[in-house]
Number of protein chains: 2
Amino acid sequence: MSDALATIASPRRREILRLLWAGERSAGEIRAAMPDVTFGAVSQQLRTLERAGLVRVRAQGARRIYRAERAALGPLGAVLERMWADSLWRLKLAAELEASRRGPRPRRRARTARRSHRP
Amino acid sequence: MSDALATIASPRRREILRLLWAGERSAGEIRAAMPDVTFGAVSQQLRTLERAGLVRVRAQGARRIYRAERAALGPLGAVLERMWADSLWRLKLAAELEASRRGPRPRRRARTARRSHRP
DNA sequence: CAATAATTTAAGTTATTACTATAATACAAT
DNA sequence: ATTGTATTATAGTAATAACTTAAATTATTG
């Protein structure tokens, strides 16, 4: 899915993009802004955004700094900005993030150590 | 998914919307323009578009006439129009429609009559 | 080099999507 | 009423998306 429209259709990716709109952030900072998901989840969405050309990464020590590639969005950039300015949209986003959790719900902690399935 | 962004992220729905942009069409006419899928598939996407408020239906005899609800798209309408005007985008659409066939591939015809699984 | 920190990668799970085929419905025409 | 036409509805299926946990990678630091 390297298409910009499909990429920004995801509320989670929009959330990330919104953060980066304000300025570059390390992966960790981005993750910190979304405590409801794991680092892995955020990292994956970052890669999706990258593949779509909507963000760029740069390594800085052990950190990876992401920034939004505004130009790549073209007229969609303005659409996003309008969404973000609109407080009604903001409420909708919160609702969507809650509703669109479709991966496995957080599992209860594993009770016993399990050995890895591949040696 | 009653959100406009997510709704127009689908190339198939965009194709339908594009048709309706030119003027209202019956479900049958829409279906005729997309011979690669069944009537059922088109009907479903029409319902999705309807739930998102992007199209409106009106019954005319046994026919259902659909029309695009341009206003509901807001600034996204202009984005779509730009896409459609751009010939490069047109090529991409064709590619996407081919690529994004993810339901079951057309099965070979049933060889023997099967009775229905529920009486 | 070992330990820690930051992040990515991999594999597994579940819900959703975009289809299919077929049955059901609504209206029209004979 | 029966038959035909237009369309929707339902149930089933394969692929995908968004997450999870856990392991692997890469750089920093003691």
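In what follows, chains carry the letters A, B, and so on, assigned in the order in which the sequence lines appear, proteins first and then strands, with residues in each chain numbered from 1.
Summarising the geometry, the separation between CZ on B/R14 and C1' on C/dA18 is reported as 15 Å, rounded to the nearest angstrom. Remark: C1' of C/dT16 and CG of B/D3 are 15 Å apart, rounded to the nearest angstrom. Between the P atom of C/dT7 and the CZ atom of A/R47 lies a distance of 13 Å, rounded to the nearest Å. Residue A/R13 contributes atom CZ, which lies 8 Å from atom C1' of D/dA17 at whole-angstrom precision. The distance from atom CD of B/Q45 to atom P of D/dT8 is 13 Å, rounded to the nearest whole Å. One interatomic measurement links the two molecules: OH of B/Y66 to P of D/dA6, which rounds to 15 Å at whole-angstrom precision. Distance CZ (B/R64) to P (C/dT25): 15 Å, rounded to an integer number of Å.
Nearest nucleotide to the side chain of A/R12, out of D/dA6, C/dA18, D/dC19: D/dC19.
Residues A/M34 and A/I16 form a side-chain contact, since some pair of their non-hydrogen atoms from C-beta on lies under 4.5 Å apart. Looking at heavy atoms from C-beta onward, B/L17 lies in side-chain contact with B/L73 at the 4.5 angstrom threshold. With a 4.5 Å cut-off on side-chain heavy atoms, A/Q44 and A/R12 do not count as touching. In this structure, the side chains of B/L54 and B/R13 stay at 4.5 Å or more apart for every pair of heavy atoms.
In this structure, A/R63 and A/S10 both approach DNA chain D, and ranking their closest nucleotides by distance from the 5' end singles out A/S10.
Scored by the side-chain contact (heavy atoms from CB on, under 4.5 Å) test, B/R64 finds B/V57, B/A59, B/Y66 as partners (sequence neighbours excluded).
Remark: the backbone N or O of B/A6 is not paired with any side-chain donor or acceptor of B/S10 at under 3.5 angstrom. B/R14 places a side-chain N or O within donor-acceptor distance of the main-chain N or O of B/I8, the cut-off being under 3.5 Å.
Considering A/R56, A/Q60, A/R58, A/R67 as possible partners of A/E24, the one that fulfils the side-chain hydrogen bond (donor to acceptor under 3.5 Å, both in side chains) test is A/R58.
Base engagement by B/Q44 is indicated by at least one non-hydrogen atom pair under 4.0 Å involving a base atom.
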Polar atoms only, N or O, under 3.5 Å: list the protein pairs with nucleotides 27-29 of chain C and their distances.
none

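Heavy-atom distances under 4.0 Å link DNA chain C to B/D36, B/V37, B/T38 of residues 15-39 of chain B, given in residue order.
Under a 4.0 Å N-O distance rule, the pair A/R18/A/E15 does not qualify as a salt bridge.
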